[in-house]
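Each ligand, and each atom within it, is numbered from 1 in the order the structure gives.
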Amino acid sequence: MFGNELASYHFGEQHPFGPKRYWAFKKEFERRELDKKVHLSEPQQASEKQIALFHTQEYINKVKTLSAIGEGYLDCGDTPAIKGIYESACTVVGTTLKAVDLIMHGNCHFIFTPIAGLHHASRNSAAGFCVFNDCGVAIEYLRGQYGIQRIAYVDIDAHRGDGVFYSFEDDPELCFVDFHQDGTTLYPGTGFINETGKGDAVGTKLNIPLPANSTDKMAKAFWGDAENFIDKFKPQFILLQCGADSLAGDPITQLNFTSKFHAFVASRLTLLANKHCQGRLIAMGGGGYNLDNIKAAWNDVIENLL
Ligand SMILES: [Zn+2]
């Protein structure tokens, strides 16, 4: 998914989630001539009805109101209510849903969308630079629109995907696998190994907290378990949040992965997607606040989806 409208989702030049993230990705994407090797599809905006598949109407109304005013915060101080953020957040969600449609109509498999994977937003609140949770909306949309129940969500962003986890904690048909920097040393402060799901869903969630400074080798030591976990679940659709903030040199996190880990995970998940679900896989860019890391991680993921 490719188009300048995606760059409109940001919180200002001085904010870590600034507008340069998309342009850095695009420059490298074109330098590697990947634009000539993939099918490009333009962004689209989600409707309010689509946002409401996951978010509460009360919260949607709040975002609309504060976005029109363009002042204050949508959460406790991480996510500013900049003017027009409602529309640009709808573009992020709409683009992820368009990726779902393209795959479900058989037009593509293995889609990457750069400004996406806003995994911290909960059903009734923004959090951690995430206004609307496109991952959560996509899960509800896959179920409501296409009858796809068994979905695997895999997250290798340095931050744990708490907005997805807690929204589906008691849902046995949502398989959740999350590699992240240990919650004792990084936002959002959760994601311990004993969080395995609730009720009927116990055993469908796998949190893999890693100490600060963990390398590819340390993360890969847990990959076999993660892959078996997903394989046994037999997903009908796979979502990957491949945040680039788990690479060494990110200004707000402390993991020391290289883009090779992202490439490896993308490549292994294509095999699982081919085995279980006819190649139905969407990779979402997620976080990442070092522009060189964004360039490397996201484009390496695309090369491995090809
Ligand atoms: Zn992150």
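Looking only at distances, a side-chain donor or acceptor of H262 sits under 3.5 Å from a matching main-chain atom of G243.
For a distance threshold of 2.8 Å, the protein N, O or S atoms nearer than that to the Zn ion (ligand 1), listed by chain and number, are D157 OD1, H159 ND1, D245 OD2.
At a cut-off of 3.5 Å, with distance as the only test, a side-chain donor of H120 or D162 sits close to an acceptor on the other residue.
Here F222 and F229 keep their ring centres 6.0 angstrom or further from each other.
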Let me check something: any side-chain donor-acceptor pairs from residues 82-90 under 3.5 Å, sequence neighbours excluded? List them with distances.
{"residue": "K83", "atom": "NZ", "partner": "A68", "partner atom": "O", "Å": "2.6"}
{"residue": "S88", "atom": "OG", "partner": "G84", "partner atom": "O", "Å": "3.4"}
{"residue": "S88", "atom": "OG", "partner": "I85", "partner atom": "O", "Å": "3.3"}

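Ion pair R32/D300 flagged as a salt bridge, since at least one NZ, NE, NH1 or NH2 atom sits closer than 4.0 Å to an Asp/Glu carboxylate oxygen.
The cluster map of Ile, Leu, Val, Met, Phe, Trp and Tyr, joined by side-chain heavy atoms under 4.5 Å apart, puts F179 and F192 in different clusters.
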